[in-house]
Amino acid sequence: QTPPIREAFHGLTGGSFGKDTGVLIKAIFKGSPVSVSHGANRRLLVYKHCIPLCESGDLQTEVTSDIIGLLMLETHSLPGHALAALASLYVDAIKLGEMNSGRSLELFPTILTALAATEALAYGKGELSGDEYKKQLINSLCSSRWDPQCVIHLTTMFRDVPLSAEELQFLIEKILRMFLKLDLQEIPPLVYQLLLLSAKGCKKLVLEGIISYFKKQDQLQKEEQRNGESEDVEVQTIPQDQLRHVEGTVILHIVFAIRLDHELGREFLKNLKAAQSDPLCPFSIALLLSVARIQRYEEQVFEFLKGTITKNFKDDQIQHSSKFLQELLPQCNSISNMILDTVKNSVFGWDHVTQGLVQLGFILMDSFGPKAGAFGKVTEGASSTAKTPNQLACRLGGQVLLESFKMHEPIRGEILEQVLNRLVTKTASPVTHFIDLLSSIVMSAPMILLESSSKVIETFDQLSYLPLSTVEGLLKAVQPLLKASMSMKDALILVLRKAMFSSNLDGRKSAVAGFLLLLKNFRILGSLASSQASQAITSSQVQADVHSRYNTAANEAFCLEILSSLRRCLNQQADVRLMLYEGFHDVLRRNSQLASSIMQTLLSQLKRYFEPEQDLLPPLKLESCISAHGDQVFIQEPLAHLLCCTVHCLLWNQNIRSGGNVSNDEDDEDEEGGVQSELHTILESITKCMIKSELEDFELDKCAEFSTSSSVGVKNSIYAVLVMGLNEVLMEYNFITANYSKNHFEDVLELFKRYHKVSEILKERAGKGRPTSSKTSRSLLSLGFISTLLTALFRYNSTQSREESLSVLRSSGDFLRYSVSVALQKIQQLEETGHTDGPEGQSPDKTFCHLCDITSVLMWRYTNVPSTVEDAGKKVKGQSVSLLCLEGLLRVFTTILQRFPTRMSNFLSSLDVSGEGEAEGEGSDLTEQTAFYIRQFQRALMNQLSGGEEGFNSKEAQLLVSILSILSRQHNPSSQQFVQMITWTVKICKETNFEDISLTKGLLSLLFNLHVLYKSPVSLLWEMCQDIHSQLGDIDQDVEVEKQSHFAIISMKTAASTTLLVLSQVGKVLDEVDWLIAKKKGQIGSDRTISGNTQQPLGQQDPIEKAVTIQLGTLLTALHELVQTALPTGPCTDTLMRELSRTYSILTTLTKYYIQLCATQPGQLSARLEKLVKLSGSHLTPQCYCFITYVQVCSGELTAGGPEKLKKKKEDEAVAAKVLRESKAIPNLIFNIEQYEKFLILLSKKSKVNLMQYMKLSTSRDFRINAATLEAALQEQEQQRDEKDNITSGNTFIHLFLYLYFY
């Protein structure tokens, strides 16, 4: 029968009648009943012939489908042996790679289903049930080698096969292993089929496998790229663009699957949250952001990403601050790099990710940006470098938005709109981070922003309602656009003109700020083109017809028009005028052709207050500078600032003209020269008259009232501040124009004496407790002048005549102290705000140069004139100059690290300490430069410590320690210099025995800060605790403590403050231990460990577990010393109680970790853990209960007297009892001890090790009988019986009860 069937099939399929094959099969099946053996065999033969025929691809798709459909209908009627034969046929074909087209695989699930329903089948020499037989087949199939071409077809086929959970897991693991053998283009369809298959189960495994595959591909891609860059060879096994497109398609498949199956979405998020030890990757971040487009997951995804980002930054910060942790764990993977990689990858058509990136960026900036504190003060100042996790997260948000803006055109409008909206709406909180982002966007793509100029113009309309700082930042950010867009510039001018007449003061100030900015940046031809006048933001990237539209004639008319508008401000409030005066010098420096107009404006304004008659005193009309409204007096004209602005503009203009840098028309030169000479005449006249004037001429007297609570006091305060400011400005003017004339320097000193007299009166009145102005007014001296003045006073060596002139100023100690104090004030302002008042105060480069010069002088003065020499035989009021110089150096180093961290090397190189014009350590690296200056300050501190108590200055020693602490941070912890610094600090602490609490705190803080970057400080803490115990004695007075002195700096006087420092460090060590335990618990939770070994026996201790046990063991030993120490009650005992509670809490956490470990990994507990439990149970816990009793005795809870003592000091005891009741320290400690013991019992049961053998029974704290107290009470009772007969037995019982019953 076989040959005719074959011929019939061959005839039908080989000819043109292939569609009649189905008819033939039906006929054969009809004539082959299953009930007879030859009928079943014939049917089997048809199956065996049709399966390869369908797989061959010779038939049309419709014919193949018909055939498979017919075969599927008849499959369930086949006998068991036939089904087994067909199943084996399929398995063999798959093993041999003959199922590449996959057309016939649709039949295989039906065969397997039918096979599973069969009762018994022959298998080897025995029998198996159909279901078991099917399991054997699937096991054989999944264990064999698959042809990569048939993987997708097999995955599709298995969707219809009934599988148990174990079989499904085995199958999915097999498919995931096949990923690496497939061509990249075949991954998306396979992922699609795999996701459909995951409907059966194993969702977590599927998602983990897909993410893991792409994570490895990304790593491979990066390594290839890195190797290619290093070897200048481009070798790519997988093209980057192809990989990114495949990842994008896979992400779409997964998101589509999650939309249909929310269980898959929940499993995805649950898996990511649980996998703490397995960090995110660019692919999983992109997938998360795509999933966030589904509304039900949006909030969860962004909350998870926020938490993960901050956790990553915190972990990184914790690890970087401790050498102990760095040695234990590898460096954290940077999540910021991963997110920025996701942004870069999204350029390959990942439109479904870009929206999520924008959301993430704004969420990070909104959540972690600077916050407004009390009274609108920014709680987290904007420094040049981000340091805290919140600052880093905010910066990351800005980077994400900036990079997304550059790469994706469709979202640019949305990003810009959201940034501008936040500038307008967030008026109550700081928006500096959004202004920085806008500035970066403008700098990176100015032409793109011109396309969205309408959005910027809309924002301009809100300027008069915004805070001044926001307006200034916004206008500086968009300044390059103003030169390229006429409509934007015109719109801004219109808004500013309206704001000039706003009823809101901030609106008018915003108008002044805007106009000044325009004057600085629209320069007129011929203006000085030096580094002084260089624009802060260039518009070189703006390719627009700037010169054709804005020629110099138009610029000049434009600037003069603005100046005329600004002149109106000279009749407005003092704050508005002040802004104008502070901005004129910068305008002149940037746009020198406006000099004539500006000088004329200042001259005419000054003349309004100048008294031209020489004999009239004072030379200025101060009464015109104030105004009154009702019973309130306020300043109307900041005259000192007007004079300051005039002096700076005059001197700068004169300097430029004398240098011949700017050419002008002769008429302009004559006019300008006339204005200059008139101004010089006025200033000289004011100087002479101010020197002649007494306080009474200004209606001031040392007995006058200066309080802010009355109008008279306010008026006097305003006059005093104006007089001081005028004297300062004239001092600067006369010094600069003096040309080292002795007479001029005498004038400077006379002006200073008058300044000093007013200043002393204000200080004296403030010292009497009257409510005067809370903060000292800022000095009007410029930073550049301070630099020049200090150099002349302390380091200038020249001709004899000049030295004689300078000796006039040098002879005044008050003037020297004043000069350094002003420098300190300027440096502090720079540290807090990033800029200083006066000319060039807004320029970081100029400020940096002046800072370098000032530091050189302060350093030279301090190192060459020690304070001991300076103060010898002098009783000087206030601090010495050397001490002020040292304080200035501390401020400078702090400021440089905060504001110019990348220029520290340049800063140290520029310091000229030797006085020979060449900086020390120039040309060497930062480490060597820092080491040089550290040696200088170490030498100074050693001189202090070796000079004995008479020559010791505590304030100076503290300042030196603070400077050493700052400089030592510049050393690499692995460098030799760092080790030397630690060795020196340890030596000082061990040998210094000055009983100075502040110095002790400073030195020990320095030691701890250095030591933690070198190795764990636990052994150091132990030694210090021994010293403290030795100094303060034992809580049991009968116990004599062995005298030990590891550190001479710890004495009876300093022991208490040292205890607080030690406990603070104990807290930090406990934080590290807690962090490590949390890491290990996370690894158990996600079934992973850092070492990758999940089957590690408990006996072989993990390195992290070992380190944790050793740290806790040493800490327990240190705390064992402290709890026996007779500490003074108060902060010391309270802090010790808290740290003991934390210690037991962390011991409980460690115990819970081992309980969790016992459940997953059988084995014996490590010997170290048993020792730790023994140490805590036998040494620490009993002493803790003794310490609690000691604290209660000292607090007055337990008294050891009779009833008479109980009646005495009732109030004191009531207060003490109340404090004790309110304090939770003791109950918390007892609770934590008992919790620890409770979980130890559980661990003992789990591990079959009796850990409780080391624990002593806890003291019962409900009822305690003190034998000595009882005996004293009984004796007193006997005495009272003899003396008094009227004492009842009831009263006696009460007295006894009071002494026997305690909490």
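One is the number of the first residue; the rest follow in order along the sequence. Not measured: the values here are computed from a predicted model.
Every residue meeting the salt bridge (Lys or Arg N to Asp or Glu O under 4.0 Å) condition with K406, not counting sequence neighbours, appears here in chain and number order: E403. Residues that satisfy the salt bridge (Lys or Arg N to Asp or Glu O under 4.0 Å) test with K621, not counting sequence neighbours, are absent from this structure. The ring pair (Phe, Tyr, Trp, His ring centres under 6.0 Å) test applied to F610 returns no partner, not counting sequence neighbours. Under the side-chain contact (heavy atoms from CB on, under 4.5 Å) criterion, E451 pairs with no residue, sequence neighbours left out. By the ring pair (Phe, Tyr, Trp, His ring centres under 6.0 Å) test, Y755 is found to be paired with Y818, residues two or more places apart in sequence or in another chain being considered. In terms of the salt bridge (Lys or Arg N to Asp or Glu O under 4.0 Å) criterion, residue partners of D845 (sequence neighbours excluded) are, by chain and number, R903. Contacts of S464 classified as side-chain hydrogen bond (donor to acceptor under 3.5 Å, both in side chains), with partners at least two apart in sequence or in another chain: none. Residues that satisfy the side-chain hydrogen bond (donor to acceptor under 3.5 Å, both in side chains) test with H648, not counting sequence neighbours, are E732. Remark: E458 pairs with no residue by the salt bridge (Lys or Arg N to Asp or Glu O under 4.0 Å) rule, at least two apart or across chains.
When all heavy atoms are compared, the tightest approach of L683 to T687 is O-OG1, 2.8 Å. Taking all atoms of both residues into account, the shortest heavy-atom contact from V822 to S779 is CG1-OG, 3.4 Å. For the pair M579 and V512, the tightest heavy-atom approach, listed with the atom from each and the gap, is CB-CG1, 4.0 Å. Scanning both residues, G583 and L516, for their nearest heavy atoms gives CA-CD1, 3.9 Å. Residue M365 comes nearest to L437 through the heavy atom pair SD-CD2, 3.8 Å, listed as atom of the first residue, atom of the second, then distance. Looking at every heavy atom in both residues, T833 comes nearest to Q829 through OG1-O, 2.7 Å.
N734 contributes a side-chain N or O that, together with a main-chain N or O of L730, makes up a donor-acceptor pair within less than 3.5 Å. Under a 3.5 Å cut-off, the side chain of S439 and the backbone N or O of I435 do not form any donor-acceptor pair. Looking at R412, its side chain does come within 3.5 Å of a backbone N or O of F405 through a donor-acceptor pair. Distance alone, capped at 3.5 Å, places no donor-acceptor pair between the N653 side chain and the C649 backbone. At least one donor-acceptor pair closer than 3.5 Å links the side chain of N591 to the backbone N or O of F522. Listed for the R899 side chain is a donor-acceptor partner under 3.5 Å among the backbone atoms of E832. Remark: side-chain polar atoms of S485 are not paired, donor with acceptor, to backbone N or O of L482 under 3.5 angstrom. T601 places a side-chain N or O within donor-acceptor distance of the main-chain N or O of S597, the cut-off being under 3.5 Å. Using modelled atom types, one side-chain atom of T459 and one backbone atom of K455 make a donor-acceptor pair closer than 3.5 Å.
The structure places CG of L851 at 10.5 Å from CD of E831, a figure rounded to the nearest 0.5 Å. Atoms CD and CD1, from Q654 and I656 in turn, are 11.0 Å apart once rounded to the nearest 0.5 Å. Taken to the nearest 0.5 Å, the CG atom of L474 stands 11.0 Å off from the OG atom of S469. Put simply, CZ on F907 and CD1 on I896 are 4.5 Å apart, with the number rounded to the nearest 0.5 Å. C394 SG to Q399 CD: the interatomic distance, rounded to the nearest 0.5 Å, is 10.5 Å. Separating the CG atom in L722 from the CD1 atom in I635 is a distance of 4.5 Å, to the nearest 0.5 Å.
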**Message:** Evaluate L643 against Y733 for side chain to side chain contact (heavy atoms under 4.5 Å, CB included), listing each step before the verdict.
**Reply:** CA-CA 10 Å; L643 193 68; Y733 170 75; over 6 Å; no
**Asked** Does the pair D853 and L790 meet the rule for a side chain to side chain contact (heavy atoms under 4.5 Å, CB included), with working shown?
**Response** CA-CA 9 Å; D853 295 338; L790 289 177; over 6 Å; no
**Request:** Decide yes or no on side chain to side chain contact (heavy atoms under 4.5 Å, CB included) for L679 and M599, but give the supporting numbers first.
**Result:** CA-CA 9 Å; L679 280 170; M599 299 306 293; 3.4 Å; yes
**Item:** Chi angles and distances behind the side chain to side chain contact (heavy atoms under 4.5 Å, CB included) call for H850, K826
**Value:** CA-CA 11 Å; H850 292 319; K826 295 290 177 185; over 6 Å; no
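Because its NZ or CZ atom is not both nearer than 6.0 Å to the ring centre of F634 and within 45° of the ring axis, K715 does not count as a cation-pi partner of that residue. Seen from the ring of F515, K520 does not count as a face-on cation partner, given the 6.0 Å and 45° thresholds.
Put simply, the side chain of S440 does not reach to within 4.5 Å of the side chain of S444, judged on heavy atoms. At least one side-chain heavy atom of D586 sits under 4.5 Å from a side-chain heavy atom of R589. Contact annotation: the side chain of L492 approaches that of L475 to within less than 4.5 Å [non-hydrogen atoms, C-beta and beyond]. When side chains are defined from C-beta on, T432 does not count as touching T470, because their heavy atoms never get closer than 4.5 Å. L570 places a side-chain heavy atom less than 4.5 Å from the side chain of Y581. Contact of the Q605 side chain with the L642 side chain is registered, since non-hydrogen atoms from C-beta on lie closer than 4.5 Å. Residues L401 and I441 form no side-chain contact, since every pair of their non-hydrogen atoms from C-beta on lies 4.5 Å or further apart. The closest side-chain heavy-atom distance from L481 to S453 is not below 4.5 Å.
Listed by first and then second residue, the salt bridge (Lys or Arg N to Asp or Glu O under 4.0 Å) pairs that reach into residues 566-577 are R577-E637, sequence neighbours excluded. Within the structure, every pair that satisfies the side-chain hydrogen bond (donor to acceptor under 3.5 Å, both in side chains) test and touches residues 502-514, not counting sequence neighbours, is listed here: R508-Q572, R508-Q573. Evaluation of the side-chain hydrogen bond (donor to acceptor under 3.5 Å, both in side chains) test over residues 415-426, restricted to residues two or more places apart or in two chains, returns D366-R422, E414-Q418, Q418-R422.
For F785 and F735, the gap between ring centers is short of 6.0 Å.
Heavy atoms from other residues, nucleotides or ligands lying under 6.0 Å from CZ of F848 number more than 12. Residue E623 places its CD atom among more than 12 non-hydrogen atoms of other residues, nucleotides or ligands, all under 6.0 Å distant.
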